Amino acid sequence: MHMRSFSVETVVDEDNTALAVGSGDLEVFATPMMAALMENAAAACIAEELGEDNTSVGTALAVSHVRATPTGMKVKATAELVKVEGRKYDFKVTAEDERGLIGEGTHSRVSVNRERFLAKTYQK
């Protein structure tokens with residue numbers, strides 16, 4: 001299996017600040033939004049190989065957010081696939097703004113059948 005990576009970008013705006021999402025009271029890029037961008041990159045990294053009937057769901061995320069990013073600045077999250085074990089995919093994730101690294105960590109996803117997963121979830 002060859003390892004691969006995928007990146008996604010966003011611009012910090014009034015909708016993804018800590019103030020907007022309730023994770024703080026400053027108008028800087030929110031940690032939960034950084035985490036979501038990292039998950040998005042990881043999901044996109046493996047989406048093609050999972051096929052139409054399957055998707056992946058996040059099962060673990062451990063990240064640090066080490067530098068703040070102001071509104072108007074671009075943020076790029078990258079997920080690098082480092083291990084596949086059965087249906088489990090492990091990633092190294094990073095986020096950087098136009099000035100450098102702002103966060104990093106690890107993320108795990110599991111491949112699931114869309115219909116079965118939803119059916120099981122809604123039986124709760």
Side-chain angles (χ1 to χ4, degrees):
M1 180 200 70
H2 98 256
M3 298 303 164
R4 60 195 173 281
S5 65
F6 196 88
S7 297
V8 293
E9 289 187 356
T10 194
V11 174
V12 181
D13 62 22
E14 62 186 22
D15 295 329
N16 59 17
T17 65
L19 178 63
V21 303
S23 65
D25 62 7
L26 297 175
E27 290 189 357
V28 296
F29 192 49
T31 302
M33 300 308 286
M34 180 191 74
L37 201 63
M38 290 169 161
E39 284 205 53
N40 183 285
C45 185
I46 59 174
E48 200 173 287
E49 81 177 49
L50 299 181
E52 281 185 32
D53 294 337
N54 297 316
T55 189
S56 66
V57 294
T59 58
L61 181 64
V63 296
S64 62
H65 191 176
V66 296
R67 288 203 172 73
T69 305
T71 57
M73 196 173 271
K74 260 193 297 195
V75 173
K76 177 173 80 171
T78 301
E80 179 186 353
L81 182 63
V82 295
K83 184 178 176 187
V84 178
E85 198 173 307
R87 297 184 310 127
K88 184 180 177 210
Y89 297 79
D90 291 323
F91 299 87
K92 174 187 174 196
V93 289
T94 57
E96 53 190 44
D97 64 19
E98 296 168 43
R99 295 298 176 104
L101 187 74
I102 64 166
E104 62 187 335
T106 58
H107 178 45
S108 297
R109 301 188 72 78
V110 172
S111 169
V112 298
N113 176 277
R114 290 175 189 275
E115 285 185 21
R116 281 197 305 262
F117 183 84
L118 287 175
K120 186 176 177 183
T121 300
Y122 283 91
Q123 286 173 358
K124 284 186 169 186

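By convention here, the first residue in the shown sequence is residue 1. The structure presented is a predicted model; accordingly, all values stated were derived computationally and were not measured.
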hydrophobic_cluster_shared for V93 and V84, side chain cutoff 4.5 Å: yes
Where A77 and A41 come nearest, the two heavy atoms and their spacing: O-CB, 3.8 Å
Distance (rounded to the nearest 0.5 Å) between E9 CD and L37 CG: 9.0 Å
Heavy-atom pair of closest approach, residues F91 and I46: CZ-CG2, 3.8 Å
Verify same cluster id: V28, L19 (apolar side-chain graph, 4.5 Å): no
Cluster check V75, V21: I/L/V/M/F/W/Y, side chain < 4.5 angstrom: yes
Side-chain heavy atoms of T10 within contact of K74, under 4.5 Å: no
Over 12 non-hydrogen atoms of neighbours within 6.0 angstrom of CD in E98: yes
Flag side-chain contact, heavy atom, 4.5 Å: D97 against F29: no
Flag side-chain contact, heavy atom, 4.5 Å: T17 against T71: yes
Spacing of CG belonging to L101 relative to OG belonging to S64, to within rounding of 0.5 Å: 7.5 Å
Side chain N54, main chain L50, donor-acceptor under 3.5 Å: yes
E80 side chain reached by R4 side chain, heavy atoms, under 4.5 Å: no
In one Ile/Leu/Val/Met/Phe/Trp/Tyr side-chain cluster, 4.5 Å: V63, F6: yes
Salt bridge (Lys or Arg N to Asp or Glu O under 4.0 Å) partners of residues 106-116, not counting sequence neighbours, each pair once: E39-R109
P32 versus S23, closest heavy-atom pair with distance: CD-OG, 3.5 Å
Residue pair T78 / S5: nearest heavy atoms and the distance that separates them: CG2-CB, 4.2 Å
pair Y89-S56: side-chain heavy atoms closer than 4.5 Å: no
Closest non-hydrogen atom pair, E104 against M38: N-CE, 3.9 Å
Minimum heavy-atom distance V66-G103, with the two atoms named: CG2-N, 4.3 Å
Side-chain donor or acceptor of R87 paired with backbone N/O of V110 under 3.5 Å: no
Main-chain N/O of G58 paired to H107 side chain as donor or acceptor, under 3.5 Å: no
NZ on K88 to OG on S111, rounded to 0.5 Å: 14.0 Å
Donor + acceptor pair across side chains of S108, D90 (<3.5 Å): yes
same_hphob_cluster(V112, L118) at 4.5 Å side-chain heavy-atom cutoff: no
Side-chain donor or acceptor of N16 paired with backbone N/O of V11 under 3.5 Å: yes
Gap separating the CE atom of M34 from the NE2 atom of H65, nearest 0.5 angstrom: 5.0 Å
